[in-house]
Structure formats: structure tokens, C-alpha cells
Amino acid sequence: MGMKLVKLMLSLVLLFVTAFAAFPETADAAASKWITKGNTTSKVVALTFDDGADGTNLSKILNTLQEHNVKSTFFVTGTGMNHHPKTVKRITDHGHQIGNHSYSHPDFTKLTATQMKRELEKTEALAKQVTGKSTRPIFRAPYGAVNNAVLQAAGAAGYTHTLHWDIDTVDWKGVSKTQIVNKVVNNVKPGSIVLMHTGAGASGTPGALPEIIKQLKAKGYKFVTVSELLKLDTKPSGTSGTTYTVKSGDTLYAIARKYNTTVAALTSLNKLSDPNALKVGQVLQIKAAASVPKASTYTVKSGDTLYAIAIKNKTTLQKLTSLNGISNPNLIRVGQVLKIPA
């Protein structure tokens with residue numbers, strides 16, 4: 001009888017261990033929200049562009065947007081940033097928003113959770129290196145391929161919203177300028193999200209874009225970024241004195257990831273007795289991250305190198321490049337004003 005009881009207890013322990021192992025470390029993170037359009041009656045529209053490996057038409061698109069004073073959202077890939085980093089940097093330099101479109105453009109529904117996490121994190125790290133900006137909190141799945149596992153992985157990585165679209169121009173098929181214009185103008189509604197591409201295959205897009213902007217403005221539409229459309233909080237992580245209002249589906253883990261802090265730090269700062277018992281509408285204090293210090297400035301002089309400036313100001317080359325969004329430490333210019341960590 002005693003032996004049977006021991007076997008039963010061992011079986012129960014094995015069952016518990018197996019079940020526990022099936023849950024990922026980030027199981028407490030809220031799944032990313034799948035979005036096809038904005039929930040609004042206002043005449044606003046978000047033009048979005050997926051930037052792949054070649055980015056042939058990216059410069060032309062940016063020039064048109066700048067000419068018409070229109071802000072858009074670009075979903076960037078790691079392969080694209082490796083291929084044309086300077087043009088990608090122009091995206092954020094011009095005030096547009098960037099989102100994560102994966103590193104190598106795989107079908108996420110065919111990846112493991114670990115593989116999805118790697119794709120997202122590699123792209124985020126490269127985006128910060130190239131542009132100085134984060135791709136969070138928006139993600140667009142390659143090919144629009146999404147299932148529950150993809151949404152869970154995206155949410156765990158800090159991407160609160162997975163962006164789809166309600167108007168697909170299918171410009172990547174090489175359709176004509178007129179077809180692209182008609183597809184957008186004839187189907188637009190308040191809150192529409194329009195999908196376009198920057199690659200060579202989307203040959204009709206550069207010509208269609210000015211006409212799309214002109215005709216939508218004539219209809220009374222205003223152009224917004226995805227975060228403006230969805231009213232997302234995109235304050236830089238680590239901003240001193242930042243507060244965050246808890247929304248439905250939030251977890252403390254996801255909030256910590258978003259603001260580059262930890263669950264322990266948020267729990268302590270907000271004197272939370274139970275980190276799992278958040279309330280919608282609850283206002284949390286967000287502790288400033290040490291990686292975003294108060295900065296003084298230095299004006300580059302003739303003969304200066306970034307390494308010499310780092311030594312002179314008792315900091316590191318890595319901190320200077322990160323704080324100033326410098327993609328190539330060897331390319332600084334006389335008169336350039338650099339932020340220096342305190």
C-alpha cells in the first residue's frame with residue numbers, strides 16, 4: 001500500500017513538472033491585439049509601408065510624404081536595415097513612425113515561440129542602432145500570417161498591437177498607378193489602414209502616392225501614424241516622472257518590457273502587494289531607466305574623434321553612439337552637437 005502511494009505521488013509530481021514546463025516564461029504577458037482599422041468616426045487614415053530587403057522606392061516615397069507634409073508608418077525588417085540603413089534612418093528623421101516587420105521576413109505561424117522572439121528582438125536592436133528609435137509597440141506579421149501563438153509571442157516581446165489592414169493595394173504585384181489610387185480612394189473609411197510597399201515590385205506606388213494624398217485630402221481626410229490612429233502611448237521608455245494608466249489586458253510584465261524596466265522595480269516603486277492584481281485605470285509610476293541619463297552637450301571640433309570625446313567626458317563610445325543614434329561612429333562632423341551622459 002505504501003509503495004502504491006509513493007508511485008502515485010511520483011506520478012503527480014511528474015505531471016505537475018510536465019504541465020509547468022509547457023508554459024513559457026512570458027506566459028503572463030497579454031497577447032498582442034490584432035488590428036485591421038482604427039475605431040473612429042473621424043476622417044483619419046493611416047498610410048503604412050512595409051520595407052523589405054531592397055527598398056528601391058523608399059527614397060521616392062519619403063520625398064513625396066515630405067513634400068505633402070504627411071506622416072506615415074513604416075514596418076521595417078532587419079534585412080532592409082542592413083541593406084539601406086541610411087534611407088531607413090531618414091524615416092525617423094522625417095518624423096514617421098517605425099514598427100517591427102521581423103528580421104528575415106519568415107511566416108511566423110511556422111516558427112516556434114523562441115524563433116519568433118529572436119526575429120523580433122534582433123529587429124528591435126538593429127532599429128535602435130540604425131535610427132535611435134524603438135519599433136515598439138507595433139508589429140506587422142510578414143505575409144499578414146497571424147494566429148494565437150503569433151499574437152502571444154508578439155505581446156510577450158512588448159508589441160501590444162499587431163497591425164493588419166483594411167485596404168490592401170497589392171502593389172507588390174506590379175499593378176498600375178491608377179489601380180492603386182482607385183483601390184485606396186474608392187474603399188477608404190474613417191480609421192482605414194492602407195498597406196503599401198517600398199520594394200521594386202511595387203513600381204506603381206511612387207506615382208500613385210501623390211494622387212492618393214491629393215484625393216483623400218479633397219475628401220476631408222487627415223493622415224496620421226498608427227500610434228496616433230490608435231492613441232497608443234509611445235513616450236520614450238525610461239522618461240523621468242512617466243506614469244502609465246493600466247488598460248484592459250495589461251500585465252505588469254508587458255508594462256515593464258515596454259518601459260525598459262523590471263517587474264520587481266515596478267512592484268517596489270508602486271508598493272504593489274500583488275503584481276498580478278492590476279486594475280484597469282490604475283496609474284503606475286514608471287521608474288526612470290539608468291540607460292537614459294540626463295545629458296549635457298558637446299560640439300564636435302576639427303580633429304575630434306568619438307573615442308576621444310568619450311574619454312574626455314568620462315563615458316564610453318557605446319553610450320555616445322546609443323544616446324545620439326549614431327549608426328557609424330567614424331562619421332561625425334565639425335559643428336555636430338552631441339549629447340553627453342551625465
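No hydrogens, no waters, no symmetry mates; every other heavy atom, side chains included, goes into these values.
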Does [atom1] in [X] sit with more than 12 non-hydrogen atoms of other residues, nucleotides or ligands closer than 6.0 Å?
| X | atom1 | answer |
| --- | --- | --- |
| Lys214 | NZ | no |
| Trp172 | CH2 | no |
| Asn328 | CG | yes |
| Lys279 | NZ | no |
| Asp274 | CG | yes |
| Lys133 | NZ | no |
| Lys71 | NZ | yes |
| Asn186 | CG | yes |

Find out whether [X] and [Y] are in side-chain contact, i.e. whether some heavy atom of one side chain is under 4.5 Å from a heavy atom of the other.
| X | Y | value |
| --- | --- | --- |
| Val76 | Asn100 | no |
| Val146 | Leu151 | yes |
| Val150 | Thr109 | yes |
| Val226 | Gln97 | yes |
| Leu216 | Ile212 | yes |
| Asn63 | Arg90 | yes |
| Lys33 | Thr162 | no |
| Thr135 | Phe75 | no |

[X] and [Y]: which non-hydrogen atoms are nearest, and at how many Å?
| X | Y | value |
| --- | --- | --- |
| Ala127 | Met81 | CA-SD, 3.5 Å |
| Gly38 | Leu230 | CA-CD2, 4.1 Å |
| Leu120 | Ala157 | CD1-CB, 3.8 Å |
| Gly158 | Arg136 | O-CD, 3.7 Å |
| Asp250 | Leu278 | O-CD1, 4.4 Å |
| Asn182 | Asn187 | O-ND2, 4.2 Å |

Q) If two hydrophobic side chains count as joined below 4.5 Å and joins carry through other members, does Val44 share a cluster with Trp165? A) yes

Q | hydrophobic_cluster_shared for Ile138 and Tyr159, side chain cutoff 4.5 Å | A | no

Can you list everything that forms a side-chain hydrogen bond (donor to acceptor under 3.5 Å, both in side chains) with [X]? Sequence neighbours excluded, please.
| X | result |
| --- | --- |
| Thr112 | Gln115 |
| Asn82 | Tyr103 |
| Thr48 | Arg140 |

Q. Would Asn313 and Thr315 satisfy side chain to side chain donor-acceptor pair (under 3.5 Å), going step by step from the backbone distance to the final call?
A. CA-CA 6 Å; Asn313 289 276; Thr315 185; over 6 Å; no

Q. Any side chain to side chain donor-acceptor pair (under 3.5 Å) pairs touching residues 329-338, not counting sequence neighbours?
A. none

Q. After noting the C-alpha distance and the side-chain angles of Ile98 and Thr131, does the key distance pass the side chain to side chain contact (heavy atoms under 4.5 Å, CB included) rule?
A. CA-CA 9 Å; Ile98 57 172; Thr131 71; 3.7 Å; yes

Q.
Under the side chain to side chain contact (heavy atoms under 4.5 Å, CB included) test against Leu338, which residue among Leu306, Leu323, Thr297 passes?
A.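 The side chain to side chain contact (heavy atoms under 4.5 Å, CB included) with Leu338 is passed solely by Leu306 among Leu306, Leu323, Thr297.
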
(Q) Name the residue from Val224, Thr73, Leu163, Ile35 that meets the side chain to side chain contact (heavy atoms under 4.5 Å, CB included) definition with Leu229. (A)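 So, applying the side chain to side chain contact (heavy atoms under 4.5 Å, CB included) to Leu229 and each of Val224, Thr73, Leu163, Ile35, only Val224 qualifies.
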
Q.
Tell me which pairs pass ring-ring contact (aromatic ring centres under 6.0 Å, His included) where either residue lies in residues 297-325, with sequence neighbours left out.
A.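 Counting only pairs at least two positions apart or across chains, no ring-ring contact (aromatic ring centres under 6.0 Å, His included) contact touches residues 297-325.
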
Q: May I have all residue pairs that pass ring-ring contact (aromatic ring centres under 6.0 Å, His included) and include part of residues 201-226, sequence neighbours excluded?
A: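 Pairs touching residues 201-226 that pass the test: none.
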
Q. How about Thr79 and Thr77: does a side-chain donor come under 3.5 Å of a side-chain acceptor?
A. yes

Identify each donor-acceptor pair in which a side-chain atom of residues 195-211 lies under 3.5 Å from a protein atom, sequence neighbours left out, and give them as a table.
residue	atom	partner	partner atom	Å
His197	ND1	Asp171	OD1	2.8
Thr198	OG1	Asp51	OD1	2.6
Thr205	OG1	Asp171	OD2	2.7
Glu211	OE2	Gln215	NE2	3.0

Which distance, rounded to the nearest 0.5 Å, do you find between the [atom1] of [X] and the [atom2] of [Y]?
| X | Y | atom1 | atom2 | result |
| --- | --- | --- | --- | --- |
| Thr56 | His84 | OG1 | NE2 | 8.5 Å |
| Ile332 | Lys301 | CD1 | NZ | 11.0 Å |
| Lys173 | Ser176 | NZ | OG | 13.5 Å |
| Leu111 | Glu119 | CG | CD | 6.5 Å |
| His161 | Ser32 | NE2 | OG | 7.5 Å |
| Gln129 | Leu126 | CD | CG | 5.5 Å |

Q | Donor-acceptor contact present, side-chain Asn324 to main-chain Ile326, <3.5 Å | A |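 Looks like no, no N/O pair under 3.5 Å.
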
Q) Can you tell me if Lys117 uses its side chain to pair, donor with acceptor, with the backbone of Ala153 under 3.5 Å? A)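 Side chain of Lys117 to backbone of Ala153: no pair is present.
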
Please name all residues satisfying ring-ring contact (aromatic ring centres under 6.0 Å, His included) with [X], sequence neighbours left out, ordered by chain then number.
| X | result |
| --- | --- |
| His164 | Trp34 |
| Phe108 | Phe139 |
| His96 | Phe74 |

Q: Apply side chain to side chain contact (heavy atoms under 4.5 Å, CB included) to Ser192 and list each qualifying residue two or more places apart in sequence or on a separate chain.
A: Val45, Asp166, Ile167, Val188, Lys189

Q | Pair Glu67-Thr64, side chain to side chain donor-acceptor pair (under 3.5 Å): steps then yes or no | A | CA-CA 5 Å; Glu67 180 183 347; Thr64 297; 5.2 Å; no

Can you give the donor-acceptor pairs under 3.5 Å from side chains of residues 265-272 to other protein atoms, not counting sequence neighbours?
residue	atom	partner	partner atom	Å
Thr267	OG1	Val263	O	2.7
Asn270	OD1	Gln285	N	2.7
Asn270	ND2	Leu266	O	3.0
Asn270	ND2	Gln285	O	3.0

